[in-house]
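Structure first, commentary second.
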Amino acid sequence: MKKIVVNLILWVLFSLMQSGPIVGTLEYGEQGGPVETLWLMVPFSLLCLGLVVITTCYAVPRLLLRRKWGLYAALEFFMSYVISLIEQLIIVYIWVQWEIIPAEHKLNWGWLAVNTLCNSLMLFFTLLAVGGWYLYDSDRKDLKKEKKLTRQIESYIASVRRMLRPEALSKRLGEIADKVEEAPQEAETDINKLASDLRESLYDLPVPPAVDEDIPTGDKENRKFNRWLTSRSYHAARVIFFQLSLIGICFGAFFATPDQPQFSARFGGFLVLLAMFEIIAAIDTLILFRAFRKKRRRGRFILASCILAAIMILPILAERVRLYLENPSGSDALFIFITALATAGTVLMITFYIAGIGAVLLYRDWVRHTSRLINLQATTRRLEYANLKKQINPHFLFNVLNNAGILTMLDAADSRDILLELRKLIDYQFTETEKSTASLTDTISFLRAYLVLEATRRNVFRFEVTCESDPEGVEVPSLLFIPFVENAVKYAYPKACTEMVRVRFEIKGSRLLFECVNPIEETDSPVSVVADNRASYDEAGGLGIANTLRRLELLYDDDFTYSVSRSLRQYRIKLEIPISCHRYKELINNYLKAQRAYETY
């Protein structure tokens with residue numbers, strides 16, 4: 001029922017907007033023009049109904065929501081052009097019937113095509129705006145699902161924290177490590193008791209939420225569109241596109257008849273129309289929207305846009321009243337009807353233009369803030385959840401504790417190191433991930449602890465973690481680098497005895513360089529670039545990497561570099577991110593905004 005009502009409203013609005021120029025040809029003349037041609041409005045209105053039905057029932061669900069941008073835009077443009085062409089041909093027919101142009105007049109199809117293009121642009125952008133609303137509604141529903149899933153993840157993590165009691169677990173690991181060298185047999189007993197307690201706690205944990213760790217399809221395909229819409233690097237392209245569109249729409253003012261432009265006589269009208277559109281855009285963008293960004297009151301912004309529309313429409317209404325008062329026609333009721341229809345088309349065009357600018361600005365703001373920050377928190381929670389599942393995996397925990405227990409009697413020092421590294425791993429997982437950022441020192445310690453524990457579970461495994469600069473005082477997003485290191489461990493070639501997994505950090509001014517290298521089976525292929533910032537998530541190298549790249553984009557936009565290269569025996573990942581204090585204050589503020597967005601969304 002809701003869809004039917006929406007389609008009816010759109011049908012009426014589009015019919016009024018597009019029939020305005022046709023009905024406007026009936027306003028002039030002593031008898032108000034050939035009113036018998038009004039019947040042409042019926043089939044034309046049915047064409048507008050077909051346009052609405054095709055848009056809402058086919059183009060939006062089958063093309064737009066499946067992110068087939070090019071096909072959607074091409075279909076809407078084709079339909080807009082066809083409707084506008086029929087409109088121009090009806091106007092030509094009326095003028096021939098009115099004998100303003102002779103019946104033997106040969107149409108200039110070239111200029112008629114240009115005039116049709118100019119008239120179709122406003123309808124085309126209006127259709128795009130309708131599609132934009134459906135896209136926004138779809139994205140909003142996806143965000144609600146993400147929000148619900150994120151809450152489930154947070155609830156599960158809280159349950160794990162409550163049942164495992166990480167602070168007590170860390171303390172027990174430290175106490176056992178302290179007594180390994182002095183009382184190895186007692187330490188082995190304590191390790192077995194700890195493993196038994198953990199087994200009971202892990203088996204009592206609630207069922208984890210079913211999380212699809214893959215990137216949502218819509219987000220993958222929205223990536224380029226959202227970047228074009230919000231990135232500063234595309235600002236000039238957006239301005240040029242907008243200005244060319246305005247010139248194209250206003251170019252129709254040169255046509256006194258559908259196929260005969262009058263550049264000299266109507267140049268003033270072109271400038272007035274262009275200036276009006278430019279003033280509206282400037283007021284909406286530079287004054288009204290900037291005021292909205294300061295206080296974030298959407299209702300006030302919409303009200304101000306309505307007032308702006310009323311101000312722009314009043315002169316048009318005044319001109320129509322003057323035309324009515326000066327018209328000598330005796331058929332006042334019919335003349336009023338015709339004038340009202342013609343006026344409605346012009347008023348709707350200006351209203352749609354102002355509403356379209358406001359909608360684009362609000363949607364752009366929504367993408368840059370609410371949508372981006374909710375997605376950022378959702379992605380971070382997904383990564384935290386994925387890492388937590390690995391850390392509390394019974395196979396991993398009991399394997400590590402079993403190795404530590406065996407080594408208590410064989411090599412107490414190694415057993416102590418294993419217990420302390422496991423303690424670091426747990427401390428980082430349950431302490432540092434509660435914050436938006438973690439110190440680089442703790443992050444390096446966490447990565448080293450992970451590699452040490454992996455080395456105890458493998459027959460042949462060598463690694464190296466280095467930082468070529470002082471990491472003190474440097475903050476990085478928590479759990480940012482672990483997916484790359486896990487990937488390196490997972491795919492390291494086990495027979496490469498002379499090679500090792502290398503993790504390197506280097507601070508260069510206000511930038512942090514991270515490099516992770518793992519050995520691979522030797523091939524004859526030359527050095528090649530596998531992926532970079534422009535690669536799709538599918539090419540990134542796994543779900544964990546894909547989620548991390550998505551998180552990097554949400555955090556830094558284009559202010560990071562990522563590359564993957566493959567050589568004869570090595571697979572190398574390079575990542576460079578900013579580490580300026582200002583950037584991380586902004587990062588923390590973004591997380592706070594995301595939290596508020598979650599509470600009010």
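Every value quoted in this text rests on a predicted model; they were computed, and no experiment measured them.
- L440 places none of its side-chain heavy atoms less than 4.5 Å from the side chain of I579.
- Pairs passing the ring pair (Phe, Tyr, Trp, His ring centres under 6.0 Å) check and including a residue from residues 159-189, sequence neighbours excluded, do not occur.
- In this structure, R364 contributes its side chain and L229 its backbone to a donor-acceptor pair below 3.5 Å.
- Residues passing the side-chain contact (heavy atoms from CB on, under 4.5 Å) test with T189, sequence neighbours excluded: none.
- Under the rule for a salt bridge (Lys or Arg N to Asp or Glu O under 4.0 Å), the partners of R572 that lie at least two apart in sequence or sit in another chain are E515.
- Residue pairs that meet the salt bridge (charged side-chain N to carboxylate O under 4.0 Å, His left out) test with at least one member in residues 463-472, sequence neighbours left out, are E464-R502, E468-R504.
- Every residue meeting the side-chain contact (heavy atoms from CB on, under 4.5 Å) condition with D197, not counting sequence neighbours, appears here in chain and number order: R172, K193.
- Side-chain atoms of R62 never come within 3.5 Å of backbone atoms of V60 as a donor-acceptor pair (strictly under, hydrogens ignored).
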Would you tabulate the side-chain donor-acceptor contacts of residues 442-451 under 3.5 Å, counting partners in other chains and residues two or more places apart, or write 'none'?
| from | atom 1 | to | atom 2 | distance (Å) |
| --- | --- | --- | --- | --- |
| D442 | OD2 | S439 | OG | 3.0 |
| T443 | OG1 | Y428 | OH | 3.3 |
| T443 | OG1 | S439 | O | 3.0 |
| R448 | NH2 | V465 | O | 3.2 |

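- The main-chain N or O of G405 is found under 3.5 Å from a side-chain atom of T408 such that the two form a donor-acceptor pair.
- Note that the CG atom of L173 and the CG atom of L194 stand 5.5 Å from one another [nearest 0.5 Å].
- Contacts of E454 classified as salt bridge (Lys or Arg N to Asp or Glu O under 4.0 Å), with partners at least two apart in sequence or in another chain: R457, R458.
- Not one N or O on the side chain of R416 forms a donor-acceptor pair closer than 3.5 Å with the backbone of E181.
- Heavy-atom neighbours of R165 CZ from other residues, nucleotides or ligands within 6.0 Å: at or below the threshold of 12.
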Exercise for the section: Begin with the C-alpha distance, continue with both residues' side-chain angles, and end with the deciding distance and a verdict on side-chain hydrogen bond (donor to acceptor under 3.5 Å, both in side chains) for S159 and R162. Expected result: CA-CA 5 Å; S159 297; R162 185 172 57 254; 3.3 Å; yes
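- If you look at Y72 and W69, their ring centroids are not closer than 6.0 Å.
- With salt bridges taken as basic N to acidic carboxylate O contacts below 4.0 Å, one links R381 and E154.
- Considering only residues two or more places apart in sequence or on other chains, V360 meets the side-chain contact (heavy atoms from CB on, under 4.5 Å) condition with none of them.
- Residue pairs meeting the ring pair (Phe, Tyr, Trp, His ring centres under 6.0 Å) criterion with at least one partner in residues 137-172, sequence neighbours excluded, are Y156-Y385.
- A salt bridge links R140 with D137: the closest approach of a Lys/Arg side-chain nitrogen to an acidic carboxylate oxygen falls below 4.0 angstrom.
- With R566 contributing its side chain and Y571 its backbone, the two residues share no donor-acceptor pair below 3.5 Å.
- In this view, E175 satisfies the salt bridge (Lys or Arg N to Asp or Glu O under 4.0 Å) rule with no residue, not counting sequence neighbours.
- A distance-only check finds no donor-acceptor pair linking the side chain of S196 to the backbone of N192 [under 3.5 Å].
- Formation of a donor-acceptor pair under 3.5 Å by the T150 side chain with backbone atoms of E146 is found in this model.
- For D190, the salt bridge (Lys or Arg N to Asp or Glu O under 4.0 Å) partners are K179, not counting sequence neighbours.
- Residues satisfying the side-chain contact (heavy atoms from CB on, under 4.5 Å) criterion with Y234, sequence neighbours excluded, are R227, W228, S231, R238.
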